[in-house]
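I have placed the structure first, in the form of structure tokens, so that the comments after it can refer back to it.
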Amino acid sequence: MDTLKVTSIKSLAESPALNSVPSTYAFNINPNEEADPNDPEFTIPIVDMSLLTSGSPDQRSKIIHDLIKICQDWGFFITINHGVPESLMKAMIDACHGFFTLPDKEKQEFKSGNDVLEMFEYGTSFNPATDKVLLWRDFFKVRVHPEFYSLYKPSCFSEISREFSKRSREVALEITRAISESLGLEPNYIYDAMNMDRGLQMLAANYYPPCPQPEHAIGIPHHTDHGLITLLIQNEMNGLQVEHNGKWLTVDGPTNCFFVNLADQMQILTNGKYKSVMHRATLNNKATRISIAIPHGPSVDTIIAPAPELMEKEGEAPKYLAMNYKEYIKLQRSGKIYMKYTFDHIRA
């Protein structure tokens, strides 16, 4: 099958002639690298947001103390009781599903270039010009902060995405405050230092249709995110895997939870004390998976470097070079960083 003419992975996956993975999508996953989910070492931490926002001072203090180990060891956790209604989270997934089921011609109206600051972007794979392996996914990205943009199809999308983006931002900023405190800094330290009043927030949806050979293709290969923290929700299908202690763990969580992962700017800001977690998206042959990631980052013109207050407190030299956030995103999206640590290019 000529994958060069594929305009969406959805149309490829629905092709009656498809019974194996085309060679341009071939990616082998090593089952020996997967963690045993029943091993206590791989029990994913859960953070109860209600104890941060409305618990007693002692309960809040305990959560903040717990975050130190979570951010150092995992860089990833599940948050519950975060205040975003389950009905809104489901409506957001349904609205994204509505977009992906539009005819390909209509979705192509949102196709754009490879500028990191596009208002919206739609495509398949990641960057077919540089990808060594094509990805079994369609995606779109919409910039929702500091200015709010929206797809204009389906008709419900704008209203739902505006409310969802606003409510998930509140969760992200509350987590950011708690992380600041866990570092022994003022609650608003990260918010102020990273100019998050103008911070870049995206809404990025991924569509992973069933794959005839899920172990021989990949939704998104291993990577870290470029921002500060990313929140993620999904439909009832699992597929997110995070790397922990050298193994890959498939993430499962309660309904109405957010998966939260720390990203590169958090690792840089904390001089490597907190971990930007490596993660990937795997596939299945049963049903379509939809995930929605909401990355939150500094303002695009912010220069990010290890926090001087932490350097002084820890008595350490900076491990990373200072870099403009927009330039960092460009570096990460360039072909030379494909499936590699961007950090390797900015080590001091």
Side-chain angles (χ1 to χ4, degrees), residues 3 6-14 24-25 27 92-144 149-154 157 160-161 164-165 168 200-211 214 217-227 230-235 237-241 259 261 263 279-284 287-297 329 332-333 335 337-339:
T3 54
V6 170
T7 55
S8 76
I9 198 68
K10 181 177 184 292
S11 59
L12 173 63
E14 290 173 354
T24 48
Y25 291 85
F27 185 101
M92 189 71 256
I93 289 171
D94 290 346
C96 291
H97 184 260
F99 173 82
F100 286 117
T101 53
L102 290 171
D104 279 359
K105 187 176 178 182
E106 292 186 45
K107 289 182 287 194
Q108 291 294 324
E109 295 171 24
F110 298 93
K111 199 167 178 66
S112 66
N114 202 30
D115 186 335
V116 297
L117 296 178
E118 293 278 8
M119 293 178 292
F120 40 70
E121 179 184 1
Y122 162 74
T124 186
S125 198
F126 174 64
N127 182 355
T130 60
D131 287 351
K132 296 179 176 64
V133 175
L134 295 182
L135 310 185
W136 200 267
R137 68 134 185 189
D138 295 331
F139 74 92
F140 70 78
K141 295 178 182 177
V142 185
R143 181 152 47 101
V144 295
Y149 295 97
S150 174
L151 307 180
Y152 49 83
K153 297 177 183 180
F157 191 91
I160 293 168
S161 65
F164 177 77
S165 299
S168 56
L200 180 65
Q201 178 184 345
M202 307 292 289
L203 189 150
N206 298 294
Y207 182 95
Y208 308 102
C211 178
I218 194 75
I220 304 179
H222 54 277
H223 67 287
T224 57
D225 292 347
H226 54 66
T230 301
L231 308 187
L232 184 138
I233 64 172
Q234 62 184 14
N235 64 354
M237 300 304 297
N238 290 334
L240 173 66
Q241 289 191 333
F259 300 136
N261 68 267
H279 55 290
R280 67 186 184 187
T282 58
L283 306 166
N284 74 82
T288 293
R289 176 175 179 252
I290 291 176
S291 71
I292 304 171
I294 316 98
H296 300 261
I329 300 173
Q332 194 198 46
R333 286 175 69 115
I337 304 296
Y338 187 75
M339 289 200 275

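Side chains are part of it too, since the values below use all heavy atoms of this structure and drop only hydrogens, waters and symmetry mates. Just so we're clear, the structure is a prediction, and the values are computed from it rather than from any experiment.
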- Answer yes if the side chains of H279 and H223 hold a donor-acceptor pair under 3.5 Å, and no otherwise. yes

- Contacts of N261 that satisfy side-chain hydrogen bond (donor to acceptor under 3.5 Å, both in side chains) - sequence neighbours left out: D225

- Task: Return the set of residues passing side-chain hydrogen bond (donor to acceptor under 3.5 Å, both in side chains) with N284 (not counting sequence neighbours), or none when no residue passes.
- Result: none

- Measure the CD1-NE2 distance between I292 and H97 for me, rounded to the nearest 0.5 Å. 11.5 Å

- Heavy-atom closest contact (S168 atom, I294 atom, distance): OG-CG2, 3.9 Å

- How many angstroms lie between atom CG of N206 and atom CZ of F139, to the nearest 0.5 angstrom? 8.5 Å

- Kindly indicate whether the side chain of I9, heavy atoms from C-beta on, has any atom under 4.5 Å from the side chain of P209. yes

- Query: So, for C211 and A217, which heavy atoms are closest and what is the spacing to 0.1 Å?
  - Reply: SG-CB, 3.9 Å

- Query: Do the non-hydrogen side-chain atoms of Y152 and E109 ever get within less than 4.5 Å of each other?
  - Reply: yes

- Query: Could you give the distance from CG (N238) to CD (Q241), rounded to the nearest 0.5 Å?
  - Reply: 10.0 Å

- Query: Would a distance-only check, ignoring hydrogens and angles, find a side-chain to backbone donor-acceptor pair under 3.5 Å from Q332 to T224?
  - Reply: yes

- For F100, does its backbone N or O pair with a side-chain atom of K107 as donor and acceptor, under 3.5 Å? yes

- May I ask you to test the T124-L12 pair for a side-chain heavy-atom distance under 4.5 Å? no

- Would you indicate whether the side-chain heavy atoms of L135 and P221 approach each other to under 4.5 Å? yes

- Check whether any side-chain heavy atom of T282 lies under 4.5 Å from a side-chain heavy atom of Y208, and answer yes or no. no

- Note on the structure: Nearest heavy-atom contact between F157 and S150 is CD2-OG, 3.4 Å

- side chain to side chain contact (heavy atoms under 4.5 Å, CB included) with Y207: which of K10, R289, R137? K10

- One should read off an interatomic distance between M237 CE and L283 CG, to the nearest 0.5 angstrom, of 10.5 Å

- Query: Under 4.5 Å between any side-chain heavy atoms of L203 and F164, yes or no?
  - Reply: yes

- Message: In the structure I gave you, are the side-chain heavy atoms of L200 and R143 within less than 4.5 Å of one another anywhere?
- Response: yes

- Using ring pair (Phe, Tyr, Trp, His ring centres under 6.0 Å) as the criterion, list what pairs up with F99, not counting sequence neighbours. F110, Y122, F140

- Task: Looking only at non-hydrogen atoms, find the nearest pair between S11 and S8 and report the distance.
- Result: OG-O, 2.8 Å

- Do you know the tightest heavy-atom contact between V142 and Y149? CG1-O, 3.1 Å

- Task: Taking all heavy atoms of A204 and all of K141, pick out the closest pair and write down the distance.
- Result: CB-CG, 3.8 Å

- Message: I need the C96 SG to I160 CD1 distance, nearest 0.5 Å.
- Response: 9.0 Å

